[in-house]
Protein chains: 2
Amino acid sequence: MTAAARCAPAWQLSRKAHGKLRGEAALTGERPKPAPRPRDRDGTEARIIQAAAAIMARDGVGALGVNTVAREAGVDKQLVYRYFGGLEGLLERLGTDLRLWLGDAADAEIAGSGYAEVITGQLVAHLAALRANHLVQAALAWELVERSEAVARLGAAKNEAIRDWFAQVRATAGAPPRGVDATAINAVLLAGMHHLVLRARTAGDFAGMDLTDPASWARIEAAVAHISTAMYAAPAATIDDA
Amino acid sequence: MTAAARCAPAWQLSRKAHGKLRGEAALTGERPKPAPRPRDRDGTEARIIQAAAAIMARDGVGALGVNTVAREAGVDKQLVYRYFGGLEGLLERLGTDLRLWLGDAADAEIAGSGYAEVITGQLVAHLAALRANHLVQAALAWELVERSEAVARLGAAKNEAIRDWFAQVRATAGAPPRGVDATAINAVLLAGMHHLVLRARTAGDFAGMDLTDPASWARIEAAVAHISTAMYAAPAATIDDA
DNA sequence: CTTGCTTGTCACCGGCCAGTGACTTATATG
DNA sequence: CATATAAGTCACTGGCCGGTGACAAGCAAG
């Protein structure tokens, strides 16, 4: 499991000898030859990772388990243990790939003149990318529920991606207007977008907005752009906080 | 049940001495008198509800189950079925109480002059109330992960509370400035606050903000107030969208 | 008193899950 | 060729969970 993996460290097993042997089947009848999958380690690993991603995106993280992943992949669960060291390692591998996916989502072109325009464009692009990526959504939702080590690892990768993104934006757009806490404002806007996307995938609404209606998303996008533009507009010298 | 694991119960059941029938005890030896809990239906129901709330707030919704609740309450799980009709009914009852809690959170005084001031004060108050209420946080996180019927019921209650809140605010503060999509802006801000609070209880950070540091929350609060004030400031006639 | 309802308690079932040992067979290596 | 390794498969253990049936004891009405 995740955090509470060490549940029963000290049970002693009074193991009885296994009765049946494989060859016994010949006595009862002819075996229909199960036709094992052709050997392909890399392909099998890919199948397992793909299955985990599919379950995560479709059914959420709660449905992830060694049995379910193996079943989805059409593979014996033993292979999950052998190749990844259990669910823990599999999730770590999945996190690596997820990091790549995040990179894709953050690859929107950074363009525009001035901080306000650049940030606004980036926020809107981020919203669209996140809305399209169900896997990242599942990971994000997971982080809000679990407190495990795997989550922390995955979250660290994501944070690093966001940090890089911020640095890139700042390098392109320059500094935000003086006296504006851009980090906090961006955090609020980003968090708002994340939350609305996550609400859409389950509840379908939030605070009077029907999140199943594309029109609502247009309004949300406009609101974010509106806020971002207003906050980072050039003549913001009148606003000052400590 | 999610991946969160509970590993405790083995050492509680060490008393194995049960015979097939209750009366058999007299044959084998004197019974130490299991001393059943004195009869108190209302008290027992309250204990169960309280236990469910405690688990939800402490361990999250993933840890909720008939067994765990009964164990936490120190009560046989059969009573959960008898009194509430299973987990479903228990959660419904809990939702009723939760609705009251939500009411508490929304009972901040609506005061101020003008839409901007009223909304800003309400948002800040809502943030503080939500930060203090771990049970509502758990419910909110749950809604982002599950897609069940109980969730929908609970969410409906919450939405109704928010709707009432909006109506009250509008009645007090009047309409927002023309040309401003207040519903969408408020949704973004509200969603941002919710998301940051939910991140704080698990990940502890978001987009470069350390959510374990009270100073970060001061900045977030300032950012929300800043945005709200700027968006709803009276001379907003220059801004127009469709 | 007897009868019936309720409260509290326990035992048990089937099902799913995590994890392990062991077997078969294909492939590479000598 | 023989043999060691690795891939794929199966069987099995132990455990928790949801859910149900049954039992003992309190309590009240007749």
Side-chain angles (χ1 to χ4, degrees), chain A residues 1-2 4-26 31-45 47-48 62-71 73-90, chain B residues 1-26 31 33-45 47-48 62-71 73-90:
Chain A
M1 286 308 236
T2 54
R6 312 281 169 267
C7 286
W11 58 57
Q12 232 19 338
L13 41 143
S14 60
R15 192 171 288 281
K16 317 187 219 178
H18 276 98
K20 297 183 94 143
L21 293 176
R22 205 52 166 262
E24 245 179 67
R31 194 51 77 110
K33 215 164 210 200
R37 180 180 305 282
R39 299 192 164 199
D40 175 17
R41 160 119 189 198
D42 292 350
T44 301
E45 285 193 10
R47 279 177 134 260
I48 292 172
L64 269 183
V66 175
N67 288 293
T68 52
V69 168
R71 207 175 306 141
V75 153
D76 195 277
K77 64 177 172 177
Q78 174 70 24
L79 302 183
V80 176
Y81 289 102
R82 273 224 274 272
Y83 297 160
F84 302 95
L87 242 190
E88 201 78 1
L90 173 58
Chain B
M1 202 97 330
T2 67
R6 283 165 305 288
C7 316
W11 35 83
Q12 216 173 11
L13 310 172
S14 45
R15 5 178 247 171
K16 171 55 174 84
H18 279 98
K20 297 176 205 159
L21 294 176
R22 208 53 168 260
E24 224 179 88
R31 187 50 67 116
K33 216 164 211 189
R37 183 178 304 281
R39 299 193 162 198
D40 176 18
R41 161 117 187 204
D42 292 350
T44 300
E45 284 193 11
R47 278 177 134 261
I48 293 173
L64 268 184
V66 175
N67 289 292
T68 52
V69 168
R71 208 176 306 142
V75 153
D76 195 278
K77 64 177 172 179
Q78 173 70 24
L79 301 183
V80 175
Y81 289 102
R82 271 223 277 271
Y83 297 160
F84 302 95
L87 242 191
E88 200 79 359
L90 174 56

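The sequence lines fix the lettering, A, B, ..., with proteins before strands; numbering per chain opens at 1.
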Checklist entry - What integer distance in Å separates B/I48:CD1 from C/dG8:C1'? => result 11 Å
Output side-chain donor-acceptor pairs under 3.5 Å for residues 74-85 of chain B, partner residues at least two apart or in another chain, one line each.
from, atom 1, to, atom 2, distance (Å)
B/D76, OD1, B/Q78, N, 2.8
B/K77, NZ, B/N67, OD1, 3.2

Checklist entry - Nearest of C/dC10, C/dA11, C/dG21 to any side-chain atom of A/Q78? => result C/dG21
Checklist entry - Which nucleotide in the set D/dG18, C/dT9, C/dA18 lies at the smallest distance from any side-chain heavy atom of B/K77? => result D/dG18
Checklist entry - Per the atom types in the model, does the base of C/dG8 pair as donor or acceptor with the side chain of B/R82 at under 3.5 Å? => result yes
Checklist entry - Looking only at atom types and distance, does a side-chain atom of A/T68 sit under 3.5 Å from a main-chain N or O of A/L64, one as donor and one as acceptor? => result no
Checklist entry - Expressed in angstrom and rounded to an integer, what is the separation of B/E88 atom CD from D/dG19 atom P? => result 9 Å
Item to check | Rounded interatomic separation in angstrom, taking CG from B/D76 and C1' from C/dC12 | outcome: 13 Å
Next on the checklist: Looking only at the side chain of B/R41 (C-beta and beyond, no hydrogens), which of the listed nucleotides C/dC10, C/dT7, D/dG19 gets closest?
Outcome noted: C/dT7
Next on the checklist: Using whole Å, what does the distance between atom P of nucleotide C/dG21 and atom CG of A/L79 come to?
Outcome noted: 16 Å
Checklist outcome for this item: Taken in chain and number order and not counting sequence neighbours, the residues that satisfy salt bridge (Lys or Arg N to Asp or Glu O under 4.0 Å) with B/R41 are B/E45
Next on the checklist: Tell me the interatomic distance from B/R37, atom CZ, to C/dC10, atom C1', rounded to whole angstroms.
Outcome noted: 15 Å
Checklist entry - Rounded to whole angstroms, how far apart are CZ on B/F84 and C1' on D/dG19? => result 17 Å
Checklist entry - Which comes earlier along DNA chain C counting from the 5' end, the contact point of A/Y81 or that of B/G74, where each point is its nearest nucleotide? => result B/G74
Item to check | Nearest to side-chain heavy atoms of A/N67, which nucleotide of C/dT9, D/dG8, C/dC17 | outcome: C/dC17
Next on the checklist: Mind checking if B/L87 touches a base, just sugar-phosphate, or nothing, with heavy atoms under 4.0 Å?
Outcome noted: nothing
Item to check | Nearest-nucleotide comparison on DNA chain D, the residue closer to the 5′ end among B/V66 and A/Y83 | outcome: A/Y83
Report all interatomic pairs (protein N or O, nucleotide N or O of nucleotides 25-27 of chain C) with separations under 3.5 Å.
from, atom 1, to, atom 2, distance (Å)
C/dT25, O2, A/R39, NH2, 2.3
C/dA26, N3, A/R39, NH1, 2.9

Checklist entry - What nucleotide among C/dA18, C/dC17, D/dT9 has an atom nearest to a side-chain atom of A/R71? => result C/dC17
Checklist entry - Can you check whether B/T44 has a side-chain N or O nearer than 4.0 Å to OP1 or OP2 of C/dG8? => result yes
Checklist entry - Can you check the B/D42 CG to C/dT6 P distance for me, whole Å? => result 14 Å
Checklist outcome for this item: Where DNA chain C forms runs of at least three Watson-Crick or G-U pairs (i with j, i+1 with j-1, under 3.5 Å), the stems are C:1-30 with D:1-30
